[in-house]
There are 2 protein chains.
Amino acid sequence: MSHPAHKNAKSMEIIIDLNAVIISIDPNNQGELTVLTIDKANNLLPWGQYDPMHHKTMEIGLRHWVKNLSGMMLDYVEQLYTFGDSGRFSYGDPNRHIVSTGYLAIVNPEIREQQPTSQWRNIYDFFPWEDFRNGRPPILDKFILPKLYDWSDGIETDQRIKLSFGSQNDVWDEENTVARFELMYEANLVFEAVRDANPDMSGEININEADTKLPTGSYMPFDHRRILATALGRIRSKVKYKPVIFDLMSNFFTLFELQKSTEAILGHRLHKQNFRRYVEREKLVVKTDEMQHQPSGRPASLYEFNKQLVGVANVVGLKIGNSSSAY
Amino acid sequence: MSHPAHKNAKSMEIIIDLNAVIISIDPNNQGELTVLTIDKANNLLPWGQYDPMHHKTMEIGLRHWVKNLSGMMLDYVEQLYTFGDSGRFSYGDPNRHIVSTGYLAIVNPEIREQQPTSQWRNIYDFFPWEDFRNGRPPILDKFILPKLYDWSDGIETDQRIKLSFGSQNDVWDEENTVARFELMYEANLVFEAVRDANPDMSGEININEADTKLPTGSYMPFDHRRILATALGRIRSKVKYKPVIFDLMSNFFTLFELQKSTEAILGHRLHKQNFRRYVEREKLVVKTDEMQHQPSGRPASLYEFNKQLVGVANVVGLKIGNSSSAY
DNA sequence: TTACTAATACTCAATTTGAGATTTAATGGA
DNA sequence: TCCATTAAATCTCAAATTGAGTATTAGTAA
């Protein structure tokens, strides 16, 4: 069983880009969910080409690039997705084809401090329609949904829109971030779509002014925003069945902080009493005898992650049904 | 923001292999879970190289290869994982590096018939330790776990083994198929590891007889068995929260058949009465007035998937906790 | 007519959920 | 010092879900 040579010698060279979505919670800004960029002006994610000569696995390559670009040593890393159609942003080189693989990394507030605050960007700047913490985002009904249905070419696309955005009676599935972003891209409702449709500009902003005024959040170079959407979907799903949230927290935290962080990930509010009942019942946390005094109100107990759970199979996450009610 | 040229001109050529894990249920064999191979002798999964000249996305490339090799048009397809260290099986060509991306496809019994039965192989032939339907597989305690702990080099590896195999008090997490396979590979308990350690053989069996006698199931060329492990883990997870099971069934089925298929996926038995209560409560199925007469016993009603659920967001799957008790 | 088999129906205690009301411990004026 | 304010922490309770049965029914074969 030997590996056959490529059928066709004059084929394109393939290049694999490794892209890191490094997520952390901003402890100074009421627990906002943030992502690391390496270039404030352009919102570039840390990335680099995979070079099998130097790195045995793609994940090792990714860690290398992140180390190089930011000095950070990543702990938790997981592969997200490999996009083969990165050619949807064009570089003008017909002899090379770029494939991009995204990774999700999680960083706690201590590690977070190694980077300038300005490079940590609020995730919802890129997806304003994904944040239901202050009610349903008006942009959905004022802009996105009408535009999508305008663009839709029939019942099948209507169906897709309904499935992704849960219009009307159906429920919003917060994990469906990618399907929503892809639809918006196809319908030209995000800047990247406008950019990619214009072959001679590789992301530089010299596109006609009107088109850049899309109200659908900040944009990113390459397909980085699509990768970020994948990461958001993944962490929203994961937080419900694995205790990843603790990788985002400091060693000591109040239950309220824990809740705010979870809400930042899920993009909606949770019921306070039931939230704490759950984490306590599952013994995910242990109370310390330290207290945190607030400017007003009863001081909160500080908790830590139950270290006894490290290395125990089947530790569940927060087991939160999709879209709970307000707190 | 133009894409920089590769730093280093004399780098290796990268080739992307696309691999399909096509899964179906064997209706003639009490609902066994099977996978399509294109080469009975070698257990080869359908695969082909990604050629961006001809296919816009990797998924389109995959569908093309499957069509080519088997004539089948795939419906449900989802990407699994991209392995960059496929170099762990060697082809002796130091100038090319192979990356492999796995896909999961699901096929119903009608489509299944298009292929010769002999090419559909029982998934548990490749993972005998994953099947708890007739109790805990003896191979775990007789061979795998003792060998793993022998091989383990300390407390940290012990921990890894415990996490993946849930030894003793901890529970078996049926979704952890990949972690288990990877450990067994590292510990040289699967044939692929022996093969890959031997650089001048590319999968042909001329390795010393003793090593091929590993009792850990049939093996596959390349890293196909690792990809299959990824697929099994994914479908085990997915069946619990999305109604994928119906893509594996004929249009009409009894609740018992539905249960057997689910058990084949999960690798353990379920409680019969509760299973039917669940699918009925969630209105996943609709009773028809057809009956299926068995050789003995009361005839069973035929059901069909509730078509009203097509296109409804948030349809849940079978919501089965990890490892239920016997039926 | 009777044994046998499997589908279907029903039961019931124990848990878990969803949504609250109530109590407690702090702070900062009047 | 006392009181309003704030948020943590505790407690309540009905409704829904789960886990693990027992009981009944509709067929087949002897």
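Quantities reported herein were computed from a predicted structural model and do not represent experimental measurements. Chain identifiers are assigned alphabetically (A, B, ...) following the order of the sequence lines, protein sequences preceding nucleic acid strands; residue numbering begins at 1 within each chain.
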Using side-chain heavy atoms (C-beta onward) and a distance below 4.5 Å, is Arg180(B) in contact with Leu183(B)?
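They are not in side-chain contact.
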
Could you tell me how far apart [X] ([atom1]) and [N] ([atom2]) are, to the nearest whole angstrom?
X         : N       : atom1 : atom2 : result
Arg281(A) : dT10(D) : CZ    : P     : 16 Å
Gln292(B) : dT5(C)  : CD    : C1'   : 15 Å
Phe275(A) : dT10(D) : CZ    : C1'   : 17 Å
His271(B) : dT17(D) : NE2   : P     : 18 Å
Glu257(B) : dA6(C)  : CD    : P     : 14 Å
Asn274(B) : dT8(C)  : CG    : P     : 15 Å
Leu302(B) : dA26(D) : CG    : P     : 18 Å
Arg276(B) : dA9(C)  : CZ    : P     : 7 Å

Using ring-ring contact (aromatic ring centres under 6.0 Å, His included) as the criterion, list what pairs up with Phe126(A), not counting sequence neighbours.
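Result, ring-ring contact (aromatic ring centres under 6.0 Å, His included) vs Phe126(A): none returned.
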
ring-ring contact (aromatic ring centres under 6.0 Å, His included) partners of Phe132(B), counting only residues at least two apart:
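Here the qualifying residues are Trp172(B).
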
Among residues at least two apart in sequence or on other chains, which ones pass salt bridge (Lys or Arg N to Asp or Glu O under 4.0 Å) with Asp141(A)?
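Once residues adjacent in sequence are excluded, the partners of Asp141(A) under the salt bridge (Lys or Arg N to Asp or Glu O under 4.0 Å) criterion are Arg136(A).
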
Partners of Asp125(B) by salt bridge (Lys or Arg N to Asp or Glu O under 4.0 Å), sequence neighbours excluded?
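By the salt bridge (Lys or Arg N to Asp or Glu O under 4.0 Å) rule, Asp125(B) matches Arg121(B).
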
Please check the phosphate of dA9(C) (OP1 and OP2 only) for any side-chain N or O of Arg277(B) closer than 4.0 Å.
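The answer is no; no side-chain N or O of Arg277(B) sits under 4.0 Å from OP1 or OP2.
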
Report all side-chain donor-acceptor pairs from residues 289-299 of chain A shorter than 3.5 Å, counting only partners two or more places apart or in another chain.
| from | atom 1 | to | atom 2 | distance (Å) |
| --- | --- | --- | --- | --- |
| Gln292(A) | NE2 | Glu257(A) | OE2 | 3.4 |

Looking across every strand, which nucleic acid part, if any, lies under 4.0 Å from Thr254(A) by heavy atom: base, sugar-phosphate, or nothing?
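Nothing: the residue Thr254(A), judged by heavy atoms under 4.0 Å, touches no strand.
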
Using a 4.0 Å heavy-atom cut-off to protein, can you give one letter per nucleotide of nucleotides 22-30 of chain C, 5' to 3': B if the base is in contact, S if only the sugar-phosphate is, - if neither?
--BBBS---

